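In this text the structure is predicted, and so the values were computed from the model without any measurement.
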Amino acid sequence: MLKLLKKMRSREMIMCLICSVLLLGQIYFDLKLPDYMSQLTVLIQTPGSRISDVWLTGGEMLLCTLASAVLCIACGYLAARTASGFTYGIRQELFTHVSDLGQQEMLGFSVPSLITRTTNDITQIQMVIAMGMQAMIKSPVMAVWAILKILGKSWELSAITAGFVVAICVSVTLIVTSVLPRFRVVQRLTDKLNRIARENLTGINVVHAFNAEAYQNEKFDETNQKMKATQLKNQRTFAALQPIMGLGMNGLSLCIFWVGAALLSAMPTGDPALRLTMFSDVMVFSTYATYVVMSFMMLVMIFMLLPPAEVSAERINQVLNTEPVIKEGSKKDGTETGSVEFRNVTFRYPGAADDDLMDVSFKIGKGQTLAIIGATGSGKTTLVSLIARFYDATQGEVLVDGVNVKEYTFDALYNKLGYVTQKAVMFSGSVAENVAFGESQTEITEDDIEKAISLAQASDFVSQMEGGTDHRIAQGGRNVSGGQKQRLSIARALARKPEILVFDDSFSALDYRTDAVLRAGLAEQLSETTKVIVAQRISTIRHADQILVLDEGRVVGDGTHEELMKNCPVYREIAKSQLSEAELAQ
């Protein structure tokens, strides 16, 4: 928690400092009230006292109360501003840091956990700062100040107060120590609940199609029951704090009056002034002792909020302290244009037992088309993800424009690439916003958007949408079909006018006619653009300049369609399973 608080900006620190000064003023006015009560007691019990003196003392008490109330409101406002400003900065830093993390780090945390840390965990921190900052400053200062006020009045009453304070501190420490480990369990269960809920909502159609509602409900209920049981243990343990504090406050007042009455009885009856002073001291002592216990009650409230906030702070720091494995280089330009080369590349996923790619080597030049084909799980997507540097090669080198991708700045590398992912991803916003998504080396104009949509064979359905390119796409592209999402994803890559286009099985949702027309358009209009195409269809890749055939992570074929039909059994088997005898003969 302290490590996280060190990230507080100067603005929040200044507000926190002002709040602390105002709190000291509030404590001063609060602790002045018992003195006025003592004066009133003496005035009332003293014969010949004037009513004007009573009114004057009462008026001063009222002014102290009003001053305390005003300072309390000001402190609450500043505490809320400090908490919201601080958590705004942390949330922004966390979101930005997560955006910089790579696939390896994302898999280590899991998406539901990162969402929980960005929302729920930061809310816990904000609650502690907003509610706890005042109490954490006010309660110890008030307790010490009140104790100093009563130390010289009666050692017997001071000893009783000290005994109650020690007992309360020990009780609170034992309770908080027992609860803290269970709050870590609660946060992990919250992550799990989010994951199950997210899976269920994302795959709701599959759940309905397989009558799996009961199974999903049982899976959710199992985790929910564990969370409920853990939370019940925590709340039942915390429930003991309130009666302990109530018993401490009321028991302390009772003991003070009991011992005070005994002290008064033991005093000589011949000195009324001394007895009146003793009676006034007991009343004041009782009030100050109550302030001491109230201070500890405020601390108890913080102790109830602090354990989950401490766990949340640890989880947030865990993400912020995670350094991305993939670091950017310093180069911005290559020695060639539009070339992609693999030199003896081997790759293994973190934590995997075997290599996913083994000793892959090839090179394509500007304007050429490289096609990659192979069975499911052969490493096609892994290979093209190394070009975009989603991962770094375990061994060997991946070069773009003659320079190792590790040496490029991220902006320089991604400005060279137009990457179309295997799963088409749409963002909430207009069609134009999705096509012109992100930053590009050159500004994407409306004309560029129209041309990209036309080349991606998306003009037919975009023109029929209400508003055309201004039509709103729902979150995740729920209001467009799979083929439409795929074509818009292709248009997004084309609008960047990259040197190299990478299609990761991006034609799978297109019909054969659209596929053929799109490829013909790419060949005609983007003849100077290098293309890397991952595909399952022979018809999609048969006219490529170079075809790589992968089998279990190894290159088992490299050449043109005609060469591979003669020399590569794996490719020939795939072709025979997809093409007719006439097509094969042709």
Side-chain angles (χ1 to χ4, degrees), residues 88 91-103 106 111-112 114-119 122 194 197-205 385 388 390 410-411 413-498 501-510 514 518 521-522 526:
Y88 166 82
R91 189 179 290 110
Q92 185 72 29
E93 182 180 355
L94 186 62
F95 183 86
T96 304
H97 188 75
V98 169
S99 300
D100 292 336
L101 296 179
Q103 292 288 333
M106 294 286 283
V111 173
L114 289 172
I115 292 174
T116 304
R117 294 171 200 237
T118 311
T119 54
I122 291 182
N194 283 341
R198 187 169 181 268
E199 286 178 348
N200 190 67
L201 293 174
T202 304
I204 193 67
N205 290 336
S385 68
F390 296 152
F410 291 140
D411 287 345
L413 176 61
Y414 295 130
N415 279 331
K416 296 177 181 293
L417 301 177
Y419 195 98
V420 186
T421 55
Q422 188 173 20
K423 180 181 179 182
V425 178
M426 291 285 104
F427 299 90
S428 56
S430 67
V431 171
E433 288 171 347
N434 271 277
V435 174
F437 183 77
E439 295 182 1
S440 179
Q441 194 169 13
T442 57
E443 183 181 356
I444 299 176
T445 63
E446 292 185 11
D447 186 53
D448 293 331
I449 294 172
E450 294 289 347
K451 288 181 179 179
I453 291 174
S454 175
L455 182 55
Q457 306 305 305
S459 296
D460 54 346
F461 70 85
V462 170
S463 60
Q464 296 175 10
M465 290 177 169
E466 184 179 353
T469 55
D470 293 326
H471 182 78
R472 303 297 294 180
I473 300 293
Q475 183 181 10
R478 295 191 306 272
N479 57 341
V480 289
S481 69
Q484 291 171 341
K485 283 196 291 186
Q486 202 162 65
R487 279 177 279 176
L488 289 176
S489 296
I490 294 171
R492 179 165 56 206
L494 297 175
R496 295 171 62 86
K497 301 177 184 176
L501 279 169
V502 180
F503 300 97
D504 183 8
D505 200 10
S506 307
F507 305 125
S508 58
L510 306 182
T514 303
L518 174 56
L522 292 174
L526 301 178

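Note that OG1 of T96 is 12.5 Å distant from CZ of R91, once rounded to the nearest 0.5 Å. In this structure, the separation between CG on L510 and CD on Q484 is 11.0 Å, given to the nearest 0.5 Å. Here I453 contributes atom CD1 and S463 contributes atom OG; the two are 10.0 Å apart, rounded to the nearest 0.5 Å. Taking OG of S459 as the start and CD of E450 as the end, the distance is 7.0 Å to the nearest 0.5 Å. Between the CZ atom in R478 and the NZ atom in K485 there is a gap of 10.0 Å [rounded to 0.5 Å]. With values rounded to the nearest 0.5 angstrom, Q422 atom CD is found 14.5 Å from F503 atom CZ.
Around atom CZ of F410, more than 12 heavy atoms belonging to other residues, nucleotides or ligands sit under 6.0 Å away.
Between R492 and E433, none of the side-chain N atoms (NZ, or NE/NH1/NH2) sits under 4.0 Å from a carboxylate O, so this pair counts as no salt bridge. Residues D460 and R487 are paired through a salt bridge, judged by an N-O separation under 4.0 Å between the basic side chain and the carboxylate.
Two residues are said to be in side-chain contact when any heavy atoms from C-beta on lie closer than 4.5 Å; N194 and I115 fail this criterion. Within the 4.5 Å cutoff, no side-chain heavy atoms of V425 are placed close to those of F437. Using a 4.5 Å cut-off on side-chain heavy atoms (C-beta onward), F427 and I473 make no contact. Looking at P498 and L417, their side chains never come closer than 4.5 Å, going by heavy atoms from C-beta outward. In this structure, the side chains of L526 and L455 come closer than 4.5 Å at one or more pairs of heavy atoms.
The two atoms that bring V420 and A493 nearest to each other are CG2-CB, 3.5 Å, heavy atoms only.
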Between F507 and I490, is a side chain to side chain contact (heavy atoms under 4.5 Å, CB included) present by the stated rule, with each step listed? CA-CA 9 Å; F507 305 125; I490 294 171; 3.8 Å; yes
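Under the 3.5 Å distance criterion, the side-chain polar atoms of R496 are left unmatched by any main-chain donor or acceptor of I444. Judged by distance alone, with hydrogens and angles left aside, the side-chain atoms of T118 form a donor-acceptor pair with the main-chain N or O of L114 at under 3.5 Å. Under a 3.5 Å cut-off, the side chain of N434 and the backbone N or O of M426 do not form any donor-acceptor pair. In this structure, the side chain of D448 does not engage the main chain of A495 through any donor-acceptor pair within 3.5 Å. T469 places no side-chain N or O within 3.5 Å of a backbone atom of A432 that could act as its donor or acceptor partner. Although no hydrogens or angles enter the test, the distance criterion places no donor-acceptor pair under 3.5 Å between the side chain of H471 and the main chain of M465. Between the side chain of Y419 and the backbone N or O of D504, no donor-acceptor pair lies under 3.5 Å.
In summary, the side chains of S430 and D470 do not present any donor paired with an acceptor at a separation below 3.5 Å, with no hydrogens or angles considered.
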